[in-house]
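To start, the structure itself, in structure tokens.
We count residues from 1, following the sequence as given.
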Amino acid sequence: MKCVILAAGKSLRMRPLTETMPKPLLKVANVAILEYNLLHLKKFVDEIIIVIGYKGDMIKDYFGDYFEGIKLTYVEQKEQKGTGHALLQVKDLLHEKFIMLNGDCIYSEKDIDACVVYNYAILGSEVNDPEHYGVMEYKDSESGQVLINIIEKSSTPISNLINAGLYVLDESIFDILSTLKVSERGEIELTDAIVELTKDHNVACVISCDYWLTLTFPWDLLDANEFFLKKILGDKDEEGKQQIFGVVEKNATLKGPVFIGKNTLVKAGSYIEGPVMIGENCVIGPNCYIRPYTTLGNNSKVGNAVEVKNSLFGEKAVVGHLSYVGDSILGNNVNFGAGTKVANLRHDNKHVFSIIKGELVDSGRRKLGTIVGDGVHTGINTSIYPGRKLFVDVETLPGQVVKTDVGK
């Protein structure tokens with residue numbers, strides 16, 4: 001069987017993180033989003049076709065032509081005309097039953113397994129905010145629940161079961177897509193084709209029995225990172241297994257589940273409270289505090305008197321000394337000057353909001369720090385308000401207070 005992964009979008013809501021790379025290459029727990037899906041698919045398929053577009057060469061260079069023995073084929077979607085249009089780009093490569101999924105979500109192996117037993121299937125997931133998604137309407141049949149309709153972003157959703165973007169289809173979908181009318185937003189919508197497919201075939205509604213992680217906004221990466229750190233290393237309230245491949249100096253303290261990569265040095269006085277994942281060739285300490293659900297990319301540095309909590313660092317991210325970083329995401333090659341402080345909590349304890357594509361969006365989080373693009377340098381004693389973003393290559397002045405997004 002083959003699988004198609006849609007990975008062509010620009011992912012504007014993830015900026016500034018996607019200014020320099022496509023969303024499928026963003027990492028949680030030091031593993032790329034797309035790599036999780038490749039790992040979970042390898043049991044079921046012998047070829048994976050990846051539809052690329054925005055910065056697609058980066059995906060090709062990262063994964064190459066094979067992944068753990070599975071052939072990878074790349075097809076370019078030159079214009080962004082919707083998910084249906086993206087699938088049409090691989091029409092000549094598919095002549096039988098196949099899997100299709102969105103490349104900016106993470107799907108579990110168990111849920112894929114539950115779908116592939118059907119000739120036609122759609123994966124659904126129960127969420128707390130169905131009004132933001134396509135809600136699935138279904139009926140009971142002798143073979144189980146089958147799809148009737150997908151109602152997009154209704155203000156009064158009929159249920160909390162939404163379309164999770166994983167399908168089992170065959171070549172008949174291409175005849176439907178080829179004759180489908182363009183939607184009001186000028187796109188060929190795959191969901192419209194799926195609903196049309198139900199007129200001639202039973203499309204099984206499979207409710208997620210394991211996990212489905214949707215990564216729409218930058219702060220979704222923090223949730224996914226916490227999820228996988230727990231899954232890989234163990235929870236902070238558990239003893240956990242420590243995996244040490246670097247050097248930990250005497251008088252450094254590691255508590256709970258902690259992963260230390262090769263050639264990483266943890267200096268004396270450092271206190272690391274897991275679950276925490278630290279990549280290769282990092283320098284930690286002395287006298288710093290790294291708190292649970294933090295992941296540090298390769299070649300990163302956390303220096304003297306620095307506290308980091310529930311944050312994601314890219315590669316070569318440096319927080320040298322006398323700084324605080326909480327509930328934040330730092331891109332690659334970021335350098336925080338001494339005394340940089342990130343505020344992650346509003347005085348009124350309400351949810352933190354952030355500007356996304358020109359609109360103020362509720363993050364749903366009581367604690368959210370900063371989202372920092374690649375190459376950012378802060379001057380000493382920079383202070384950053386909750387939910388603010390620093391775009392690629394931005395520099396702040398010594399003592400600057402960041403009250404609004406800086407950059408694009």
Side-chain angles (χ1 to χ4, degrees), residues 3-39 41 48-67 70-90 93 100-107 165 186-188 190 213-221 224-225 279 295 297-299 312-317 329-334 355-358 371-376 389-394 405 407-408:
C3 177
V4 179
I5 299 179
L6 305 187
K10 292 183 178 180
S11 304
L12 298 178
R13 287 176 291 187
M14 270 286 182
R15 289 192 170 184
L17 303 175
T18 51
E19 281 191 290
T20 50
M21 72 174 66
K23 190 200 288 189
L25 293 187
L26 296 177
K27 293 183 177 182
V28 291
N30 278 342
V31 176
I33 294 168
L34 182 55
E35 187 170 349
Y36 282 110
N37 287 326
L38 298 183
L39 286 166
L41 282 164
I48 297 174
I49 304 166
I50 305 174
V51 180
I52 57 175
Y54 176 70
K55 297 189 182 296
D57 286 343
M58 294 181 71
I59 296 176
K60 292 171 67 174
D61 292 343
Y62 190 92
F63 290 104
D65 296 328
Y66 287 88
F67 178 85
I70 304 297
K71 182 182 178 183
L72 302 182
T73 300
Y74 302 93
V75 175
E76 184 180 7
Q77 183 189 19
K78 294 182 180 180
E79 297 180 87
Q80 306 297 308
K81 293 183 178 180
T83 50
H85 178 263
L87 185 56
L88 276 171
Q89 306 311 299
V90 300
L93 301 178
M100 199 223 83
L101 55 84
N102 294 327
D104 57 357
C105 300
I106 301 177
Y107 301 89
E187 296 184 350
I188 300 174
L190 178 61
L213 303 180
T214 178
L215 304 168
T216 303
F217 302 106
W219 49 85
D220 293 331
L221 298 173
N225 185 63
T295 293
N298 296 339
N299 302 292
L312 265 170
F313 284 24
E315 297 191 357
K316 298 181 181 180
I329 303 173
L330 276 59
N332 300 324
N333 299 296
V334 169
I355 297 292
I356 302 292
K357 295 175 64 176
I371 313 298
V372 179
D374 290 357
V376 167
K389 298 190 290 293
L390 301 175
F391 282 75
V392 171
D393 294 332
V394 157
D405 292 354
K408 294 183 180 178

Ignoring hydrogens, what is the shortest heavy-atom contact between Ile356 and Pro218? Give both atom names and the distance. CD1-CD, 4.4 Å

A side-chain contact here means heavy atoms from C-beta on lying under 4.5 Å apart; do Lys27 and Glu315 qualify? yes

Minimum heavy-atom distance between Gly64 and Tyr74, given as atom pair plus value: O-OH, 2.6 Å

Do Val392 and Val376 have side chains that get closer than 4.5 Å, going by heavy atoms? no

Where Arg15 and Lys389 come nearest, the two heavy atoms and their spacing: O-CD, 3.6 Å

Aromatic plane relationship, Phe67 with Phe63 - under 30° parallel, 30 to 60° tilted, over 60° perpendicular: perpendicular

How close do Met100 and Leu190 get, heavy atom to heavy atom, and via which atoms? SD-CD2, 3.4 Å

Taking the side chain as every heavy atom from C-beta outward, state whether Val4 and Leu93 have any atom pair closer than 4.5 Å. no

Which value, rounded to the nearest 0.5 Å, describes the distance between Thr20 atom OG1 and Asn332 atom CG? 6.5 Å

When you look at Leu72 and Tyr66, which way does the side-chain contact (heavy atoms from CB on, under 4.5 Å) test go after all the steps? CA-CA 5 Å; Leu72 302 182; Tyr66 287 88; 5.7 Å; no

Distance from Leu221 atom CG to Leu17 atom CG, nearest 0.5 Å? 6.5 Å

Does a donor on one side chain sit under 3.5 Å from an acceptor on the other, for Thr295 and Asn225? yes

Give me the atom names and distance for the closest heavy-atom approach of Pro16 to Val372. CG-C, 4.2 Å

Flag for Gln77-His85: side-chain donor and acceptor within less than 3.5 Å: yes

Using side-chain heavy atoms (C-beta onward) and a distance below 4.5 Å, is Leu87 in contact with Val51? no

Any Ile59 side-chain heavy atom under 4.5 Å of Pro22 side chain: yes

Is Asn333 close to Asp374 at the side-chain level, that is, under 4.5 Å between some pair of heavy atoms? no

Is any side-chain heavy atom of Met14 closer than 4.5 Å to one of Phe217? no

Nearest 0.5 angstrom please: Thr18 OG1 to Leu12 CG, how far? 6.5 Å

Tell me whether Lys10 at atom NZ has more than 12 heavy atoms from other residues, nucleotides or ligands lying less than 6.0 Å away. no

Salt-bridge test for Glu79 and Lys81: reply yes if a basic N is under 4.0 Å from a carboxylate O, no otherwise. yes

Give, for atom CD1 of Ile355 and atom CD1 of Ile371, the distance between the pair rounded to the nearest 0.5 Å. 13.5 Å

Just verifying a value: how many Å separate Leu101 CG and Leu41 CG, rounded to the nearest 0.5 Å? 5.5 Å

Give, for atom CD1 of Ile50 and atom CD of Glu76, the distance between the pair rounded to the nearest 0.5 Å. 14.0 Å

Audit row: Tyr62, Glu35, side-chain contact (heavy atoms from CB on, under 4.5 Å) steps and yes/no: CA-CA 10 Å; Tyr62 190 92; Glu35 187 170 349; 4.0 Å; yes

Min side-chain heavy-atom separation Tyr107-Asn102 under 4.5 Å: yes

Ile52/Val75 under side-chain contact (heavy atoms from CB on, under 4.5 Å): CA gap, chis, key distance, verdict: CA-CA 6 Å; Ile52 57 175; Val75 175; over 6 Å; no

Here the pair of heavy atoms bringing Gly279 nearest to Asn298 is CA-OD1, 3.4 Å

